[in-house]
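In listed order, ligands and their atoms are each counted from 1.
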Amino acid sequence: MSQPAPDVIDLLGYRIHVGPWLLEQAGRIAAEVAPAHVYAVITDEHVGPVAAPQVVGSLRHYAPHARVILQGVTPGEATKTRATWQALTDWLLGERCGRDTTVIALGGGVVGDLAGFVAATFMRGIPVVQVPTTLLAMVDASVGGKVGVDTEHGKNLVGAFHQPAAVVIDPTVLQTLPPAEFRAGMAEVIKHGVIADVGYFDRSIAAARAILGVPAAEVDWTAHTLTRLVSDSVRIKASIVAQDPREAPGGIRQSLNFGHTIGHAVEGLMDFRVPHGHAVSIGMVLESALGETLGVTAAGTTEIIRDRVRSLDLPVDLPSGLSVDEVAGACRRDKKARGAKAVFSLPARVGAMAVSAHGHGVSVESAAIISALSRA
Ligand code: GLY
């Protein structure tokens with residue numbers, strides 16, 4: 001049976017391709033948009049064995065005169081450091097790579113951010129093709145050009161905007177993703193629904209419940225509903241980034257931070273033992289509650305978000321042991337904070353964000369955060 005044509009999203013000056021079996025087309029797409037003498041595939045040691053053979057094979061097929069080199073990093077957020085960036089740039093230098101090199105970032109958000117930052121800085125910038133392999137990276141990290149590494153002071157504090165030459169998303173890869181990681185990725189999908197599209201909010205949650213409700217072997221990973229789940233999310237993100245590519249103060253790209261001020265606070269206070277998607281789920285529920293308390297968010301919005309997040313077995317409450325005072329303090333230290341006040345992007349209701357005279361960020365006093373979180 002022939003496969004449906006992939007969805008192509010072209011809102012950002014580069015194409016984002018979404019469709020089954022596209023891993024085998026990654027070489028063709030890279031050769032078209034980023035011709036190179038060397039393709040440097042950066043992946044991790046979990047993804048490499050399952051996805052690198054298709055990508056490397058495709059590069060060899062479509063760019064037969066190019067050299068293809070491969071490097072796997074240790075999976076996990078702890079790898080996203082300046083030390084790994086140094087090791088990877090030293091690897092490229094040792095391989096005598098020059099500006100005629102294209103990086104292929106094959107993996108989840110950690111690989112995408114790290115390999116993208118390598119590409120942004122190596123020889124003052126070389127192309128990167130993002131090939132995300134987790135739901136979270138497909139719908140969020142691979143699109144929009146934010147790349148970087150973490151430091152002991154926090155996440156993504158050293159980085160750049162470096163838009164990819166193309167993004168290649170093959171939803172069939174998700175069949176090898178642990179269901180818990182699929183659930184965690186749904187947090188960013190739900191976020192896009194809350195920000196921009198109530199119909200997508202309902203449709204995507206129903207699709208995810210159907211996928212998660214049966215064993216992975218019974219899911220049709222080539223189904224158009226899965227491609228649509230991913231491509232509709234990408235379209236929402238891309239249309240927001242297109243309006244505000246570098247996240248200007250108060251700009252619309254800040255709306256993508258919904259759930260992330262509290263989410264990042266929870267991740268940091270828990271030393272990253274809480275997965276990003278879980279922290280964002282908790283953050284969306286509590287930030288919506290904050291919005292209701294401030295009169296910015298329609299009454300009942302929090303209950304809807306809480307119910308849907310829970311229906312996917314994602315957490316809705318602060319991890320035990322974390323106090324609301326600690327969370328409010330960490331929100332104030334977030335990189336989005338202005339002066340001593342935490343900044344939040346809050347929904348008006350499911351499907352639309354609140355915009356004030358100051359744009360998309362609302363600055364909030366600690367006392368108001370503590371009072372709202374204590375009652376949520
Ligand atoms: N992940 C939020 C953004 O790309 O702006």
**Asked** Should His260 be listed as contacting ligand 1, given a heavy-atom distance under 4.0 Å as the test?
**Response** no

**Request:** Inspect the contact between Arg228 and Asp7 and indicate whether a charged nitrogen and a carboxylate oxygen are less than 4.0 angstrom apart.
**Result:** no

**Prompt:** Considering only heavy atoms, which of Gln254, Glu247, Arg246, Lys146 lies nearest to atom 3 (C) of ligand 1?
**Reply:** Lys146

**Asked** Regarding Glu267 and His260, is there a side-chain donor-to-acceptor distance under 3.5 Å anywhere?
**Response** no

**Request:** Output yes when the distance from some N or O of ligand 1 to some N or O of Asn257 is under 3.5 Å, and no in every other case.
**Result:** no

**Message:** Checking side-chain polar atoms at under 3.5 Å, does Ser374 have a donor or acceptor matched by the opposite partner on Ser371?
**Reply:** no

**Asked** Does Val241 approach ligand 1 within less than 4.0 angstrom via side chain, backbone, both or neither, non-hydrogen atoms only?
**Response** neither

**Prompt:** For ligand 1, which atoms sit closer than 4.0 Å to a heavy atom of Leu256?
**Reply:** 2 (C), 3 (C), 5 (O)

**Distance from atom 1 (N) of ligand 1 to nearest protein heavy atom, with residue and atom** = Asp140 OD1, 3.1 Å

**For atom 5 (O) of ligand 1, closest protein heavy-atom neighbour** = Arg253 NE, 2.8 Å

**Prompt:** Is Asp150 paired with Lys155 through a side-chain N to carboxylate O contact shorter than 4.0 Å?
**Reply:** no

**Item:** Residue and atom name of the nearest protein heavy atom (relative to atom 4 (O) of ligand 1), distance in Å to one decimal
**Value:** Lys237 NZ, 2.6 Å

**Message:** Quiz question: by atom type and distance under 3.5 Å, do the side chains of Arg235 and Ser239 form a donor-acceptor pair?
**Reply:** no

**Message:** Keeping Asp170 on the side-chain end and Trp21 on the backbone end, is there a donor-acceptor pair under 3.5 Å?
**Reply:** yes

